[in-house]
Amino acid sequence: MPREKILFAGGGTTKSWKVLLALRILALIATLAAAIVMGLNKETKTLVVATIGTVPIKATLTAKFQDTPAFVFFVIANAMVSFHNLLMIGLQIFSRKLECKGFRLLSVAILDMLNAALVSAAANGAVFIAEIGQNGNKHAKWNKVCDRFSIYCDHGRGALIAAFSGVILMLLVSAVSISRLSIYSNKPSTSTAAAVASP
Amino acid sequence: MAKLTKRIGALVLRLAAFGAALAALIVMVTSRERASFFAVSLEAKYTDMAAFKYFVIANAVVSVYSFLVLFLPKESLLWKFVVVLDLVMTMLLTSSISAALAVAQVGKKGNANAGWLPICGQVPKFCDQVTGALIAGFVALVLYVLLLLYSLHSVVDPFLLQKS
């Protein structure tokens, strides 16, 4: 008897379904914004590098995100996480009629957790490199970049803020996925009786 | 009987994760090298880089958490909490490894476009110890991912793992 109770329509319009959808849309927007803003981050400037006598020697320097492997990983990881969110949103909307089989919910929960870890790695790796670029590091004698390429740093800052909100949102999405997993499970000790009766 | 072996397996896994995080912490903290050439002497220690300090703090938090969860009784209601906290610890571990790796990569190869010179040529022992700490941190991360899957499994009924 309990087995049939599990196989009802997949969620429908329960509160957790709505909350999960809203969180996923926000996470999609945040990670996509982070990937796009960092992906288009480029600044070219003509700087004076040396002075010979009274003649200044100018060189055109470009700051682009491909110079730093941490930023490349940042763009790729945020693109992957936003693609995952897009896929999950599509799955949630278009499979309302499908049966809520256990394996599907479990794989969604596991994928959400892995993607939350991925986006947190990407955001954090980039923020520490950006901190060196902003403040320099006098122990290693690495000088600041942000005083000369201020637009590059501003865009980077925006992308990092978007990525960190994506991290918090992905953590919430994973938490809600895990709670949905335990609501629709068969454990009699949890409050499944009430949840199963009214999907 | 199978439940007991599973529980012992999970305990061993958590002990191993605790050991790995502690090892990463200790190796990073004790990495220090003094190099001198001409009249200049420079000392490289882990507090020079903010990313390494964050690595130490994150691994300390993970070690303390693992140690505390080792003593959690089996029937406690806190196991549901442990799933989410395991996820948070995994995110902490991945972020700390990513940050330390990013900075160590710049230290090893430098960044020609930003004018940052590599420092590993001058302090090779420091670089080696940082690499060792990163490897230990990576082992801790892999163990934590396995632990996360196990905690999820122990909170959710095993019925869900079979296809119906």
Side-chain angles (χ1 to χ4, degrees), chain A residues 2-3 6-7 61-64 66-71 73 77 99 101-103 105-106 109-110 112-114 116-129 131-133 135 137-145 167 170-171 174-175 178-179 181-182 184-188 190 192, chain B residues 42-45 47-55 58 77 80 83-84 86-103 105-107 109-119 122-123 141 144-145 148-149 151-153 155-164:
Chain A
R3 270 184 198 223
I6 302 296
L7 304 173
L61 298 168
T62 309
K64 48 190 191 300
Q66 294 103 319
D67 297 338
T68 320
F71 291 163
F73 174 57
E99 288 171 354
K101 288 205 194 142
F103 190 64
L105 272 182
L106 183 69
I110 291 180
D112 277 341
M113 293 194 289
L114 294 178
L118 182 67
V119 73
S120 86
N124 219 329
V127 83
F128 276 100
I129 296 287
E131 194 264 339
I132 296 182
N135 299 332
N137 190 320
K138 53 189 193 323
H139 301 275
K141 303 204 180 15
W142 293 338
N143 46 0
K144 304 187 216 184
V145 171
V167 168
M170 278 310 289
L171 183 58
S174 312
I178 293 174
S179 77
L181 193 59
S182 77
Y184 293 138
S185 84
N186 201 14
K187 252 203 155 78
T190 62
T192 50
Chain B
L42 73 103
E43 179 170 26
K45 46 192 190 299
T47 46
D48 291 345
M49 310 280 177
F52 295 162
K53 282 195 275 196
Y54 176 71
F55 182 82
L77 283 170
K80 297 203 196 281
V83 177
V84 178
D86 267 353
L87 175 64
V88 170
M89 293 303 151
T90 307
M91 286 170 73
L92 253 179
L93 275 178
T94 47
S95 62
S96 69
I97 290 177
S98 168
L101 191 62
V103 170
Q105 198 267 350
V106 176
K109 297 266 173 66
N111 191 330
N113 288 289
W116 295 343
L117 299 172
I119 60 167
Q122 293 148 18
V123 282
L141 172 68
Y144 247 92
V145 169
L148 186 59
L149 294 177
S151 315
L152 195 63
H153 167 80
V155 160
V156 170
D157 195 289
F159 160 71
L160 269 186
L161 297 178
Q162 312 156 19
K163 291 195 184 181
S164 46

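Each chain gets a letter, A, B and so on, in the order its sequence line appears, and its residues count up from 1. Source: prediction; values computed, not measured.
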Which atoms of A:Asn137 are under 4.5 Å from chain B, going by heavy atoms: the side chain, the backbone, both sets, or neither?
side chain
Please round to the nearest 0.5 Å and tell me the distance separating atom CG of A:Leu114 and atom CG of B:Leu148.
8.0 Å
If every non-hydrogen atom of A:Ala121 is compared with every non-hydrogen atom of B:Ser98, which pair is closest and at what distance?
O-OG, 2.7 Å
What part of B:Leu149 gets within 4.5 angstrom of chain A, counting heavy atoms only: side chain, backbone, both, or neither?
side chain
B:Thr94: side-chain hydrogen bond (donor to acceptor under 3.5 Å, both in side chains) partners, not counting sequence neighbours
A:Ser120
Heavy-atom pair count under 4.5 Å with chain B, highest-scoring of A:Val145, A:Val127, A:Val119, A:Ile129
A:Ile129
According to side-chain hydrogen bond (donor to acceptor under 3.5 Å, both in side chains), who are the partners of B:Ser95, at least two apart in sequence or on a separate chain?
A:Asn124, B:Tyr54
Give a yes or no on this: more than 12 heavy atoms of other residues, nucleotides or ligands lie within 6.0 Å of atom NZ of B:Lys109.
no
Among the options B:Thr90, B:Leu87, B:Val88, B:Leu141, pick out the one with the most heavy-atom pairs lying under 4.5 Å from chain A.
B:Leu87
Working for side chain to side chain contact (heavy atoms under 4.5 Å, CB included), residues B:Met49 and A:Trp142:
CA-CA 11 Å; B:Met49 310 280 177; A:Trp142 293 338; 3.9 Å; yes
Does any backbone or side-chain atom of B:Asn111 lie under 4.5 Å from a heavy atom of chain A? Answer side chain, backbone, both or neither.
side chain
Please rank B:Val123, B:Leu117, B:Val84, B:Val145 by heavy-atom pairs under 4.5 Å with chain A and give me the top one.
B:Leu117
Using a cut-off of 6.0 Å, state whether more than 12 heavy atoms not belonging to A:Lys144 lie near its atom NZ.
no
Are B:Met91 and A:Leu171 close enough that some pair of their side-chain heavy atoms sits under 4.5 Å apart?
yes
Counting heavy-atom pairs under 4.5 Å with chain B, the top scorer among A:Asn143, A:Ile178, A:Val167 is A:Asn143
Roughly how far, to the nearest 0.5 Å, is the CH2 atom of B:Trp116 from the OG1 atom of A:Thr68?
6.5 Å
Sort A:Ile132 into side chain, backbone, both or neither according to what part of it lies under 4.5 angstrom from a heavy atom of chain B.
both
